Amino acid sequence: MKSIISPLILSITQIVGCHQETNHSSNAEDFDKSILGIWTDGSTENASFRIQKDSVFDVEHFTTTKYVQKEDSVLFYYEEGIYPTKVYKTHNDTLIYEVRGLKTKYWRFKN
């Protein structure tokens, strides 16, 4: 069992609890689809993670973490426990996640 959670996964976990400011009709489904893809924090020339339909792949550590979106929050399922996170999508190519009050900005990765 891993005793340390990678910093990237922790930060992604924080994103899970965020929400997008929209009207609530079908926007939850649109938001689900809009966060899918490959994202980078710009700290290196490589991608940081890939958000898939039901999981996040950490590019640096080659690990996959399952998540579930519930209304305006996301729950990440780690061996160590469940981590709620908030995610804000400000533009088509910009994503901000918040964990314990700390916000991190990501951009859609273009290779």
Side-chain angles (χ1 to χ4, degrees):
M1 181 173 142
K2 287 175 93 174
S3 61
I4 300 175
I5 300 173
S6 80
L8 174 62
I9 299 294
L10 277 176
S11 51
I12 295 171
T13 302
Q14 297 171 348
I15 296 177
V16 177
C18 300
H19 69 85
Q20 177 184 20
E21 292 185 25
T22 59
N23 34 5
H24 275 38
S25 56
S26 66
N27 287 335
E29 184 177 319
D30 292 341
F31 182 65
D32 282 345
K33 292 177 184 174
S34 71
I35 67 170
L36 300 179
I38 302 171
W39 299 88
T40 183
D41 64 1
S43 63
T44 69
E45 61 186 30
N46 299 319
S48 299
F49 56 89
R50 179 179 66 208
I51 300 177
Q52 302 171 130
K53 181 180 174 185
D54 63 350
S55 62
V56 174
F57 177 71
D58 179 336
V59 175
E60 181 179 343
H61 298 96
F62 299 104
T63 57
T64 300
T65 302
K66 296 287 184 186
Y67 76 87
V68 173
Q69 182 178 353
K70 294 199 175 200
E71 297 179 15
D72 66 346
S73 65
V74 179
L75 301 175
F76 286 99
Y77 292 90
Y78 295 101
E79 289 180 12
E80 296 82 4
I82 299 171
Y83 293 88
T85 302
K86 295 207 178 252
V87 177
Y88 305 92
K89 186 146 184 313
T90 58
H91 298 287
N92 201 22
D93 63 348
T94 307
L95 181 74
I96 298 174
Y97 68 83
E98 181 179 355
V99 179
R100 297 182 189 132
L102 179 64
K103 293 181 182 178
T104 305
K105 189 174 191 177
Y106 289 94
W107 296 269
R108 195 168 292 278
F109 185 73
K110 297 177 176 86
N111 50 1

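Values reported hereafter were calculated over all heavy atoms of this structure, with side chains retained and with hydrogens, waters and symmetry mates removed. The shown structure was predicted, so the numbers you read here are calculated from the model rather than taken from an experiment.
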key: S43: partners by side-chain hydrogen bond (donor to acceptor under 3.5 Å, both in side chains), with sequence neighbours left out   = D41
message = Please report the interatomic distance OH(Y78) to OG1(T63), rounded to the nearest 0.5 Å.
response = 8.0 Å
task = Could you walk me through whether F62 and F57 pass the side chain to side chain contact (heavy atoms under 4.5 Å, CB included) test, one step at a time?
result = CA-CA 7 Å; F62 299 104; F57 177 71; 3.7 Å; yes
key: side-chain hydrogen bond (donor to acceptor under 3.5 Å, both in side chains) partners of R50, counting only residues at least two apart   = Q52
query = According to a 4.5 Å side-chain heavy-atom criterion applied to Ile, Leu, Val, Met, Phe, Trp and Tyr, with indirect links allowed, do W39 and L36 form part of one hydrophobic cluster?
reply = yes
ask   = What is the minimum heavy-atom distance between K103 and Y88, and which atoms define it?
value = CE-CE1, 4.5 Å
task = Could you tell me whether the side chain of T40 and the main chain of N46 form a donor-acceptor pair under 3.5 Å?
result = yes
query = Looking at CG of L95 and CZ of F49, how far apart are the two atoms once the value is rounded to the nearest 0.5 Å?
reply = 6.0 Å
message = Using the side-chain hydrogen bond (donor to acceptor under 3.5 Å, both in side chains) criterion, which residues pair with K66? Sequence neighbours excluded.
response = D54
inquiry  = Nearest 0.5 angstrom please: I96 CD1 to T94 OG1, how far?
reply    = 7.5 Å
query = Where is the tightest heavy-atom contact between I51 and V56, given as atom of each residue plus distance?
reply = CG1-CG2, 4.2 Å
ask   = When you measure from the side chain of Y106 to the backbone N and O of G42, does any donor-acceptor pair fall under 3.5 Å?
value = no
request  = State which residues pass side-chain contact (heavy atoms from CB on, under 4.5 Å) with D93; sequence neighbours excluded, sorted by chain then number.
outcome  = H91, R108, K110
request  = Find the distance between CH2 (W107) and OG (S48) and round it off to the nearest 0.5 Å.
outcome  = 9.5 Å
